[in-house]
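Following: one structure in structure tokens, then a few remarks.
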Amino acid sequence: MSIRDNVKRVQDCIAASCARVDRDPSSVTLVAVSKLKTVAEIIEAADAGLQHFGENRVEEGVEKIPQVNESARGNITWHMVGHIQSRKAKQVVQRFDIVQSVDSLKLAKRLSRFAVESGRVLSAHLEINISGEASKYGLAGYNWYQDHSVKARLWREASEIAALPNIEIRGLMTMAPYGAEEKTVRRVFSDLRDLRDELTREIELPLPELSMGMTDDYQIAIEEGATMIRIGRALFGERV
Ligand SMILES: *Cc1c(COP(=O)(O)O)cnc(C)c1O
């Protein structure tokens, strides 16, 4: 299967998932996660019509982004989707268009500071650890609707981050547990959606984007309201 065939197949699956829940496929943005893939592979995917690409490591993105931008025909929007060490925040602001992985107030403050210095506004998502797994990054969000201290802390962090200059919080991002049952995965996604709805209502923070769903679970994520899915393997094949 070529990358072009894979793009077509994923787009067809997106359309089918949208049809099941009466959504317009144009309401779902496909972000191709190109970590460990070559510049040539990324350009192949761009030539097949993709415009959004995601990387999860700063150094790798910093190396590949200028090369891809130079060779690709259309304009590409670059998403940072992995954990960012504070000392690399400046490079992220210089190279990426959207940071989906804002996982602490400390990181948000640094990104904001560098965005101010470079005179740009950085689009961002708050990464929320809904599943509660210790291995995952994100603002703590496990059981947020029942645990008052978790909710209070999230509300405070979201408000403080939203008030920072030159960083515009446009949505939430999460990852479901790897290999979990459908019921569990669906619950993680619906919890994120409910969190988005309640944050929007209570702190009047508009959060149009819900970034959730990867190769193994994006169809469930779309049914639960994802507006952005982050797909690696289904587009590029296994990472070796
Ligand atoms: C790797 C990665 C993806 C894509 O995962 P696949 O299972 O290959 O689709 C999505 N989001 C993040 C944050 C990732 O690191």
Side-chain angles (χ1 to χ4, degrees), residues 1 3 5-14 17 28-38 41-42 44-46 48 50-65 68 76-85 88 92 95-104 107 111 123-139 141 170-182 184-186 188-189 192 209-240:
M1 276 284 204
I3 290 176
D5 292 336
N6 291 341
V7 169
K8 172 80 172 69
R9 199 157 30 98
V10 170
Q11 284 169 338
D12 288 347
C13 282
I14 293 171
S17 302
V28 179
T29 301
L30 170 57
V31 179
V33 179
S34 48
K35 62 189 184 204
L36 299 179
K37 297 299 165 180
T38 64
E41 288 170 300
I42 298 170
E44 207 177 320
L50 299 186
Q51 291 161 14
H52 294 262
F53 289 85
E55 289 285 334
N56 75 330
R57 300 190 48 182
V58 179
E59 299 84 348
E60 189 181 337
V62 163
E63 190 181 321
K64 294 192 297 193
I65 288 171
V68 174
I76 289 179
T77 300
W78 288 98
H79 299 246
M80 178 62 195
V81 300
H83 177 64
I84 302 165
Q85 291 168 283
K88 297 183 184 156
V92 169
R95 287 296 181 200
F96 287 86
D97 302 294
I98 300 179
V99 177
Q100 297 209 18
S101 45
V102 174
D103 55 15
S104 71
L107 172 64
L111 292 170
S123 287
H125 297 169
L126 299 177
E127 180 175 355
I128 312 287
N129 181 352
I130 293 281
S131 71
E133 292 163 282
S135 58
K136 282 195 166 50
Y137 288 102
L139 305 178
R170 298 201 24 89
L172 305 180
M173 186 268 256
T174 201
M175 272 192 264
Y178 185 72
E181 275 183 64
E182 175 175 335
T184 308
V185 169
R186 196 175 285 282
V188 166
F189 294 153
L192 189 75
E209 302 289 357
L210 273 182
S211 174
M212 52 192 199
M214 317 191 343
T215 291
D216 292 333
D217 53 25
Y218 72 92
Q219 287 154 310
I220 303 170
I222 290 171
E223 291 171 9
E224 296 301 328
T227 64
M228 222 177 242
I229 55 175
R230 309 177 310 270
I231 309 293
R233 289 168 297 143
L235 294 169
F236 296 108
E238 293 295 325
R239 289 176 290 272
V240 285

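Computation of the quantities below employed the complete heavy-atom set of this structure, encompassing side-chain atoms and omitting hydrogens, waters and symmetry-equivalent molecules. Counting starts at 1 for both ligands and their atoms, in listed order.
Of the possible donor and acceptor atoms, one in the side chain of Lys64 sits under 3.5 Å from a partner among the backbone N and O of Ser34. Formation of a donor-acceptor pair under 3.5 Å by the Asn56 side chain with backbone atoms of Val81 is not found in this model. Between the Thr29 side chain and the Met228 main chain, no donor and acceptor come within less than 3.5 Å of each other. Using a distance-only test at 3.5 Å, with no hydrogens or angles considered, no donor-acceptor pair links the side chain of Asp217 to the main chain of Ala221.
Residue nearest to atom 3 (C) of ligand 1, selected from Asp217, Leu36, Val33: Val33 (by heavy-atom distance). For the residues Glu127, Lys136, Lys35, His79, the heavy atom positioned nearest atom 2 (C) of ligand 1 is part of Lys35.
Under the 30°/60° scheme for interplanar angles, the aromatic rings of Phe53 and Phe236 are found to be tilted.
Atom 7 (O) of ligand 1 has Arg233 NH2, 2.8 Å as its closest protein atom, hydrogens excluded (heavy atom only). Regarding atom 5 (O) of ligand 1, its nearest protein heavy-atom neighbour is Met214 CE, 3.6 Å. Protein heavy atom nearest atom 9 (O) of ligand 1, with residue, atom name and distance: Thr215 OG1, 2.6 Å. Nearest protein neighbour of atom 13 (C) of ligand 1, counting heavy atoms only, is Val81 O, 3.3 Å. Of all protein heavy atoms, the one closest to atom 11 (N) of ligand 1 is Arg230 NE, 2.9 Å. Remark: minimum distance from atom 8 (O) of ligand 1 to any protein heavy atom is reached at Arg239 NH1, 2.7 Å.
Gln100 does not count as a contact of ligand 1, since none of its heavy atoms falls under 4.0 Å from the ligand.
The closest side-chain heavy-atom distance from Phe189 to Ile130 is not below 4.5 Å.
Numbered from 1 in the order shown, with element, the atoms of ligand 1 that lie under 4.0 Å from a heavy atom of Gly232 read 4 (C), 6 (P), 8 (O), 9 (O). The Ile231 neighbourhood of ligand 1 comprises atoms 9 (O), with distances under 4.0 Å to a heavy atom of that residue.
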Handout entry: Intermediate values then yes/no, side-chain contact (heavy atoms from CB on, under 4.5 Å), Lys37 and Ile3
Key = CA-CA 12 Å; Lys37 297 299 165 180; Ile3 290 176; over 6 Å; no

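Under 4.0 Å is where a charged nitrogen must lie from a carboxylate oxygen, and between Glu127 and Lys136 no such pair does.
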